[in-house]
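Lettering of chains follows the sequences in order, A, B, ..., and the numbering in each one begins at 1.
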Amino acid sequence: MNDRLDFQERVINYVKNIPWGKVSTYGRIARACGMPSAARHVGYVMNRCRDRDDVPCHRVVNRNGYLTGRLHFDTPGTMEERLSGEGIEFDNIGNDMIKVDLDRYLWEADSE
DNA sequence: CGGGTGACTTTAC
DNA sequence: CGTAAAGCCACCC
């Protein structure tokens, strides 16, 4: 891999490679970038890139599949709308938290 | 250069 | 099962 790139550059590159209709998790991305303990920073990088239309940050969810970052988008419904537009269904929990089925939508780069 | 931050994760109760 | 606290460490100011 390109060790020359910074951690956030790898995160951005990884997120950009997430296929349509799939999602990934912070922990997996961090581990894929060689920083398994830097899961928090993945979200941090997303926050910096949430204004970039070339980074599908809405396809990144937490370890449980919850859209924890939806409130950080321009509007609280942006993440939900985009994922819904990609054919992803949500698990209705009844609370404010929205969840996706990782067993169906999680993109595992290692299995390509 | 040092401190504060946080879109996570794990462990403990 | 649920909530609470601690650990984690790159990035920004």
Side-chain angles (χ1 to χ4, degrees):
Chain A
M1 289 297 268
N2 296 327
D3 292 343
R4 300 182 301 182
L5 294 176
D6 291 340
F7 171 72
Q8 63 175 0
E9 289 295 327
R10 299 188 205 177
V11 171
I12 293 170
N13 186 42
Y14 188 95
V15 173
K16 288 168 70 173
N17 278 295
I18 300 176
W20 188 92
K22 289 287 182 180
V23 300
S24 188
T25 67
Y26 301 100
R28 272 177 194 276
I29 295 172
R31 188 163 53 84
C33 295
M35 297 277 124
S37 300
R40 306 186 73 179
H41 311 293
V42 176
Y44 191 91
V45 173
M46 293 293 97
N47 197 358
R48 280 188 62 246
C49 302
R50 68 171 150 88
D51 292 329
R52 295 172 57 166
D53 54 350
D54 60 328
V55 181
C57 34
H58 61 274
R59 293 181 186 149
V60 184
V61 298
N62 76 344
R63 196 68 179 102
N64 292 313
Y66 291 102
L67 310 188
T68 52
R70 69 191 172 104
L71 296 176
H72 290 265
F73 282 79
D74 294 336
T75 66
T78 302
M79 194 171 187
E80 182 180 355
E81 287 180 19
R82 287 182 177 176
L83 291 175
S84 178
E86 296 188 357
I88 295 180
E89 298 177 3
F90 303 104
D91 181 11
N92 295 329
I93 298 181
N95 296 332
D96 295 334
M97 304 239 291
I98 303 175
K99 181 182 177 185
V100 299
D101 189 352
L102 292 178
D103 292 332
R104 293 171 53 186
Y105 303 114
L106 177 62
W107 176 57
E108 299 180 276
D110 294 333
S111 54
E112 63 175 295

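- Each of A:Y44 and A:Y14 belongs to its own hydrophobic cluster when Ile, Leu, Val, Met, Phe, Trp and Tyr are linked at side-chain heavy-atom distances under 4.5 angstrom.
- Spacing between atom CZ of A:R52 and atom C1' of B:dA7 amounts to 16 Å, rounded to whole angstrom units.
- Here A:N62 lies in heavy-atom contact (under 4.0 Å) with sugar-phosphate atoms only.
- Judged purely by atom type and a 3.5 angstrom limit, A:K22 uses its side chain to pair as donor or acceptor with the backbone of A:R104.
- Using a 4.5 Å heavy-atom cutoff, the side chains of A:T68 and A:Y26 are in contact.
- The CG atom of A:N62 lies 8.0 Å from the CG atom of A:L102; values are rounded to the nearest 0.5 Å.
- Under the 3.5 Å distance criterion, the side-chain polar atoms of A:R10 are matched with a main-chain donor or acceptor of A:C33.
- The main-chain N or O of A:R59 is never found under 3.5 Å from a side-chain atom of A:Y105 such that the two would form a donor-acceptor pair.
- Put simply, CG on A:L71 is 14 Å from P on B:dG6, counting in whole angstrom units.
- In this structure, A:M97 places its CE atom 10 Å from P of B:dC8, rounding to the nearest Å.
- Rounded to whole Å, the distance from CZ on A:R59 to C1' on B:dA7 is 17 Å.
- One interatomic measurement links the two molecules: CG of A:N64 to C1' of C:dG2, which rounds to 13 Å at whole-angstrom precision.
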_Within the 4.0 Å limit for protein heavy atoms, which parts of nucleotides 5-13 of chain C are touched? Write it as a string from 5' to 3', B for base, S for sugar-phosphate only, - for none._
--BBBBBS-
